[in-house]
Amino acid sequence: MMDAHAGVSGRRVPDEGLLDDAAALHEADPGGMLRFTASAGAQVRESAALAAEANLGVLADEGRPRAVVIAGIGTAGRTGDILATVAGPRCPVPVIAHRSAGVPGWVGAADVVIAVSASGRSPEALGAAEAAARRGARLVAVGAPDSQLQSVAEGVRAPFIPVPRRAPARASLWGLTVPVLLAARTLGLVKVNEADLAETAARLDADADRSRPTAESFVNPAKALALGLANSVPVVWGSSPLATVAARRFGDTLSANARYPVIAGALGEAGRGRVGLLDGVFGGLAESTRDIFADPEEESDWTRLRVVLLRDGGLNADDDSDEPLAVEERRADALQTLAERRGVRCDVVTAEGGSALERLASLIAVPDFASVYLALAHGLDPMAVAAVTEMKELSNP
């Protein structure tokens, strides 16, 4: 174990045995991040009920907006990416995720701003809500009840959807996302019905059960993924726009929970340059010097790439042409072949489900758990991130 001056503690080499000791996992996770991660399905149901109680109908009174801006930072900002990809290329208006204070200069009375903050006090969401009110844009706010964000929304009689704050924002993705989707549905921008929500919640519940602490590594996909990523540089690519959102989400959680440096993004963009990582000093060059007869413990300090490919074969199912889907599938096959030729390990998570939202959930659930298990294997508390706390303290006036 190592203790640094900043209060950071953990182990450089992961304790793989800990992951198959449910009692030890519980003790290593005092904040209950595994429990919060398992609540994803419940978050979908609870947030859908809370959104139904909000006065979202007023959004439709002025008709379709010119554009929708989702304002927030971190996980709250990721909800905008989810809305854009679930709405898809046929969405009749632009959907823009905005991650800085205020709103874009062109926002006015013809637009809708959805301000999202798990705490209800992030400067980005508050600044956007206040700017929307000044400019006469329609406003929806999503966040913690009895917060500054709720006060701003109530001050201009805008709908506010309360999301109870029980966990860090990164463990509240679904609680924040569902209200955003339902607000967009009210505006006629996205097709998400009650069956989609119910199936998505059921999918999240099923994946939480498969990834539960009492399920051993050889049958637990999240533990297996975590062990595969141990002591690597994770490279997470999504085969489609929807899978890319999941890839970036996995990058978020690996960095925040397990403190791993991650490369995450779209496989299409990677093919224009970043796929060259497979040939580099952490990829093919490292693998070419591997001694297959060497003791694995002697190579434990060697850092290598580990590719995680998130595949989604259904995003274009409703389009007039299946050509985009065919291109995505060929790229994904090509990446797996390239990795195999260079000896670079590649884990594949394939989307399942009938709706875009359920498929997205199937790509997010297991990786979310994997990021927590990887943290616990290293003796890190995924709930308490010292650097984040210090950053906020140093940044605040």
Side-chain angles (χ1 to χ4, degrees), residues 42-72 76-77 79-88 90-98 103 107-118 120 125-126 128-165 172-201 355-358:
Q43 290 179 37
V44 171
R45 288 183 282 268
E46 180 183 46
S47 286
L50 291 170
E53 296 173 2
N55 187 24
L56 290 176
V58 299
L59 289 174
D61 293 345
E62 297 178 40
R64 180 178 293 168
R66 178 180 60 176
V68 175
V69 175
I70 300 88
T79 65
D81 300 331
I82 293 175
L83 172 57
T85 193
V86 171
R90 291 186 175 183
C91 184
V93 306
V95 174
I96 299 160
H98 185 70
V103 294
V107 169
D111 306 303
V112 170
V113 174
I114 305 177
V116 186
S117 170
L126 287 171
E130 292 164 354
R134 287 195 304 271
R135 299 186 190 190
R138 280 174 279 176
L139 172 66
V140 184
V142 179
D146 303 317
S147 62
Q148 293 170 268
L149 186 58
Q150 181 173 1
S151 297
V152 173
E154 290 179 345
V156 293
R157 298 182 180 179
F160 176 79
I161 303 170
V163 177
R165 184 79 187 274
S172 306
L173 174 69
W174 294 100
L176 297 173
T177 294
V178 170
V180 172
L181 293 174
L182 294 181
R185 183 180 72 176
T186 302
L187 294 165
L189 308 184
V190 66
K191 295 178 181 179
V192 175
N193 57 40
E194 275 58 40
D196 294 334
L197 293 172
E199 290 163 2
T200 298
S355 68
L357 190 61
E358 185 183 357

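Sorted by first and then second residue, the pairs that involve residues 175-186 and meet salt bridge (Lys or Arg N to Asp or Glu O under 4.0 Å), not counting sequence neighbours, are R185-E194.
Residues passing the side chain to side chain donor-acceptor pair (under 3.5 Å) test with T177, sequence neighbours excluded: none.
A 4.5 Å side-chain heavy-atom check between V163 and W174 finds every atom pair outside the cut-off. Between T79 and V142, the closest side-chain pair of non-hydrogen atoms is not below 4.5 Å. Taking 4.5 Å as the limit, some side-chain heavy atom of I161 sits within range of a side-chain heavy atom of L56. Considering only heavy atoms from C-beta on, V140 comes within 4.5 Å of L59 through its side chain. No side-chain heavy atom of S117 sits less than 4.5 Å from a side-chain heavy atom of L126. The shortest side-chain heavy-atom distance between I82 and L173 falls under the 4.5 Å cut-off. Between S147 and R165, every side-chain heavy-atom pair lies at or beyond the 4.5 Å cut-off. Within the 4.5 Å cutoff, side-chain heavy atoms of V58 are placed close to those of P159.
When every heavy atom of A129 is checked against every heavy atom of A115, the shortest pair comes out as CB-CB, 4.1 Å. The minimum heavy-atom distance between R66 and P94, with the atom names listed, is O-CD, 3.3 Å. In terms of heavy atoms, P145 sits closest to F160 at CA-CE2, 4.2 Å. Across P92 and R64, no two heavy atoms sit closer than the pair CB-NH1, 3.5 Å. The two atoms that bring A158 and L139 nearest to each other are CB-O, 3.3 Å, heavy atoms only. Counting all heavy atoms, side chain and backbone alike, P65 lies closest to V112 at CB-CG2, 3.7 Å.
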- Step by step, would you call D111 with V69 a side-chain contact (heavy atoms from CB on, under 4.5 Å)? CA-CA 8 Å; D111 306 303; V69 175; 5.8 Å; no

- Message: As a quick check of understanding, evaluate side-chain contact (heavy atoms from CB on, under 4.5 Å) for V95 and V190, giving each step before the final call.
- Response: CA-CA 11 Å; V95 174; V190 66; over 6 Å; no

- Item | Worked check of side-chain contact (heavy atoms from CB on, under 4.5 Å) between V152 and E130 | CA-CA 7 Å; V152 173; E130 292 164 354; 4.1 Å; yes

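Counting heavy-atom neighbours within 6.0 Å of R157 CZ, excluding the residue itself, gives a total of 12 or less.
When atom types are taken as modelled, the side chain of R135 and the backbone of V107 share a donor-acceptor pair closer than 3.5 angstrom. Looking at S355, its side chain does come within 3.5 Å of a backbone N or O of E358 through a donor-acceptor pair.
One distance of note links CD1 of I96 with CG of L83; it measures 11.0 Å at 0.5 Å rounding.
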